[in-house]
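None of the values given here were measured: they were computed from a predicted structure. Position 1 is the first residue of the sequence; numbering continues from there. Every number for a ligand or one of its atoms is a count from 1 in the order of the listing.
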Amino acid sequence: MERYDLIILGGGLAGMCAAVKAAEQGASILLLEKQDALGGSTVLSSGYMAFAETDMQEKAGIVDSIASLMNDMIEVGGGVNDLELVAAYGRHQLETYAWLVEHGVEFRSLEAVSGHSVPRGHMIDPHQAIQSFYQRVKEHPNVTIRFNAPARRLLKNAEGRIDRVVYGVEEQNALASKGVILATGGFAKSEELLGQFAPHLKGALRLGGAGTQGDGLQMAWEHGAWVRDLPYLNGTFGFHPTANGAVKSQGLAFYKGGIIVNQLGKRFVNESISYKLLGNAAFRQPDRITYQVWDQTVMDKRVADDPLYDLELLQRRRLLYQADTLEELADCIDVPADVLAETISTYNQRIQEGAGDDFGRKTLTHRYGTPTPIVKAPFYAFETTVAMLATYAGVAVDPSTRVLNPYGEPIQGLYAIGEVVGGFHGAGYMTGSSLGKAAVFGRLAAVAALAE
Ligand SMILES: Cc1cc2nc3c(=O)[nH]c(=O)nc-3n(C[C@H](O)[C@H](O)[C@H](O)COP(=O)(O)OP(=O)(O)OC[C@H]3O[C@@H](n4cnc5c(N)ncnc54)[C@H](O)[C@@H]3O)c2cc1C
């Protein structure tokens with residue numbers, strides 16, 4: 001039988017960070033990837049990572065703090081996050097950022113996105129990051145990566161410790177003396193699990209990596225792992241209804257000052273809240289049809305080559321309606337023109353009064369930015385729907401990434417990192433905290449498992 005120190009299941013960001021960190025400590029590693037390529041949901045992502053007190057922020061004159069990052073996470077998470085996990089993130093996030101830079105990950109820009117009190121979304125190209133890690137693990141002769149090799153079951157030894165993985169079509173066995181690390185991602189592509197745990201998301205687009213089908217959860221459940229955050233499964237607002245196809249068009253003009261209206265031409269929500277909560281609100285609208293509406297002032301804040309804010313790209317893809325008057329725009333999207341005009345006039349008046357509008361909007365995103373009136377032609381509209389990208393509910397772990405049973409006791413030999421873990425985000429996700437946690441806890445898992 002094959003023997004290794006560590007077996008890592010899944011080659012997304014979490015698995016690759018664990019593999020590089022463990023390889024640098026001299027461990028022998030088997031990394032199993034279910035698909036024919038590395039990357040999982042990571043390479044489909046917008047690439048934002050949430051870090052505070054970085055050199056990039058300092059250069060941009062942005063004042064942030066680890067305490068503020070943690071507060072935002074807990075606020076967005078409705079206060080039900082596992083505070084020990086959030087604290088561990090706070091302690092290790094800055095060294096993780098430095099480690100990523102040291103390992104060739106390129107950070108390209110900084111933006112304020114969902115849940116950010118200041119711009120702290122540090123954007124990477126996730127393909128570049130995964131390739132950079134792949135090059136590094138290939139330099140280590142003690143790392144074996146197998147593709148098209150789904151892990152199927154975990155087995156315990158006579159002492160009750162998980163030390164064996166059954167994998168592949170022919171059900172090969174491999175032994176891990178130090179531990180098995182689950183890095184299998186979430187279940188955004190499992191209709192069965194979504195049907196069980198998130199029936200309210202029927203009709204949302206499905207955009208996660210093809211391999212994210214909850215395999216890791218099932219393997220851990222067999223051995224008594226506890227699960228956290230299942231009641232908080234949410235979609236994400238911001239995608240064009242065609243995003244299910246090859247072109248995954250997304251635009252968040254509402255975080256730059258756009259508003260969101262329903263088919264009746266009415267606003268229904270404070271647009272600065274988390275795009276997960278916006279998703280819930282949008283799903284309750286007539287026929288679930290909603291439009292982002294903005295003007296040229298907002299258009300001028302677009303960010304070229306940014307997956308969330310490149311509003312001109314949406315225009316080049318012919319996905320935007322553009323009109324010189326609000327009346328014409330209303331005609332384009334088939335909402336009552338008088339209602340849309342009234343909605344915008346009331347909104348403009350309220351935000352100019354500065355006391356918050358009817359839905360409580362005072363900022364652009366979370367506590368950042370100031371709304372501007374929608375007055376400057378031309379005007380734009382973008383049909384927007386909800387997508388299930390990432391599940392975030394998953395197995396309970398401690399800050400050393402050991403998987404816990406319902407009594408809070410570690411299941412010997414089993415670790416979990418990345419999206420397969422629950423508890424960290426609580427009731428809501430702050431942008432960048434998922435790629436961030438994949439990297440932070442990926443490194444911690446390697447250290448913890450090898451220390452045993
Ligand atoms: C469109 C989109 C945009 C996003 N934008 C952001 C963002 O900007 N910032 C952010 O923080 N998060 C974002 N997310 C979420 C984030 O990308 C994921 O939560 C994160 O990448 C998860 O990393 P991971 O390594 O845990 O899982 P993944 O990257 O999904 O990797 C898991 C890997 O495990 C493999 N696997 C699964 N089962 C098995 C098995 N049985 N055996 C072996 N291998 C297996 C999968 O094939 C996959 O390669 C986004 C997600 C999507 C889809």
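Between L13 and ligand 1, an N or O atom pair is found at a separation short of 3.5 Å. Considering backbone and side-chain atoms together, T212 places no N or O closer than 3.5 Å to any N or O of ligand 1. Residue-to-ligand polar distances place A151 within reach of ligand 1: an N/O pair is separated by less than 3.5 Å. Checking only distances, Q35 never comes within under 3.5 Å of ligand 1, N or O to N or O. Ligand 1 has an N or O atom lying under 3.5 Å from an N or O atom of L435, backbone or side chain. For a threshold of 3.5 Å applied to N or O pairs, the pair formed by V420 and ligand 1 contains no separation below that value.
For ligand 1, the atoms sitting less than 4.0 Å from at least one non-hydrogen atom of G211 are 37 (C), 38 (N), 47 (O), numbered in the order shown with element in parentheses. Of all atoms in ligand 1, numbered sequentially from 1 with element shown, those under 4.0 Å from a heavy atom of S433 are 11 (O). Ligand 1 places these atoms under 4.0 Å from at least one heavy atom of G39: 29 (O). With ligand atoms numbered from 1 in the order given, ligand 1 contributes 15 (C), 19 (O) to contacts under 4.0 Å with heavy atoms of Y392. Of all the atoms in ligand 1, the ones that sit under 4.0 Å from a non-hydrogen atom of Y48 are 7 (C), 8 (O), 9 (N), 10 (C), 11 (O). Here is the list of ligand 1 atoms found below 4.0 Å of a heavy atom in S46: 3 (C), 4 (C), 5 (N), 6 (C), 8 (O). Ligand-side atoms of ligand 1 in range of P150: 42 (N), range being under 4.0 angstrom from any heavy atom. In the vicinity of G432, heavy-atom distances shorter than 4.0 Å reach the ligand 1 atoms 9 (N), 10 (C), 11 (O).
Ring geometry, H103 versus F133: the interplanar angle falls from 30° to 60°, so the pair is classed tilted. Using a 30° and 60° split on the angle between ring planes, Y380 and W294 fall in the parallel class, below 30°. Below 30°, between 30° and 60°, or above 60°: for Y89 and F424 the angle between ring planes is between 30° and 60°, a tilted geometry.
The nearest protein atom to atom 44 (N) of ligand 1, hydrogens excluded, is given as K34 N, 3.1 Å; this is a heavy-atom distance. Regarding atom 49 (O) of ligand 1, its nearest protein heavy-atom neighbour is E33 OE1, 2.7 Å. Among protein heavy atoms, the minimum distance from atom 23 (O) of ligand 1 is reached at T42 OG1, 3.4 Å. The single protein non-hydrogen atom nearest to atom 41 (N) of ligand 1 is D215 OD2, 2.9 Å, given as residue, atom name and distance. The closest protein non-hydrogen atom to atom 12 (N) of ligand 1 is Y429 OH, 3.2 Å. The nearest heavy-atom contact from the protein to atom 22 (C) of ligand 1 is E419 OE1, 3.7 Å. For atom 1 (C) of ligand 1, the nearest non-hydrogen atom of the protein is L44 O, 3.4 Å. Among protein heavy atoms, the minimum distance from atom 52 (C) of ligand 1 is reached at L389 CB, 3.7 Å.
Between the K21 side chain and the A446 main chain, no donor and acceptor come within less than 3.5 Å of each other. Distance alone, capped at 3.5 Å, places no donor-acceptor pair between the D215 side chain and the T184 backbone. Side chain of Q35 to backbone of A37: no donor-acceptor contact under 3.5 angstrom is found.
Between Y429 and S114, the shortest heavy-atom contact is O-OG, 4.2 Å. Contact detail for T290 and Q285: the closest heavy-atom pair is CG2-CG, 4.0 Å.
Heavy-atom separations between Y167 and ligand 1 are all 4.0 Å or longer. Every heavy atom of G209 sits 4.0 Å or more from the atoms of ligand 1.
Scored by the salt bridge (Lys or Arg N to Asp or Glu O under 4.0 Å) test, R161 finds E452 as partners (sequence neighbours excluded). Applying the ring-ring contact (aromatic ring centres under 6.0 Å, His included) criterion to H116, with sequence neighbours excluded, gives no partner residue.
With G168, G214, A37, S45 as candidates, the residue nearest to atom 6 (C) of ligand 1 on a non-hydrogen basis is S45. Checking C17, G442, G12 against atom 31 (O) of ligand 1, the nearest heavy atom belongs to G12.
Side-chain contact check for L154 versus V165: some heavy-atom pair is nearer than 4.5 Å.
Each of F382, Y321, Y291 was checked for a ring-ring contact (aromatic ring centres under 6.0 Å, His included) with H240, and the lone residue meeting it is F382.
Rounding to the nearest 0.5 angstrom, the gap separating the CD1 atom in I66 from the CG atom in N71 is 12.0 Å.
A salt bridge between R206 and E191 is present, with a side-chain N of the basic residue lying under 4.0 Å from a carboxylate O of the acidic one.
Side-chain contact, N234 with Y275: no donor N or O sits under 3.5 Å from an acceptor N or O.
Note: H200 and F283 fail the aromatic proximity criterion, with ring centroids not under 6.0 Å apart.
With a heavy-atom cut-off of 4.0 Å, P126 does not touch ligand 1 at all.
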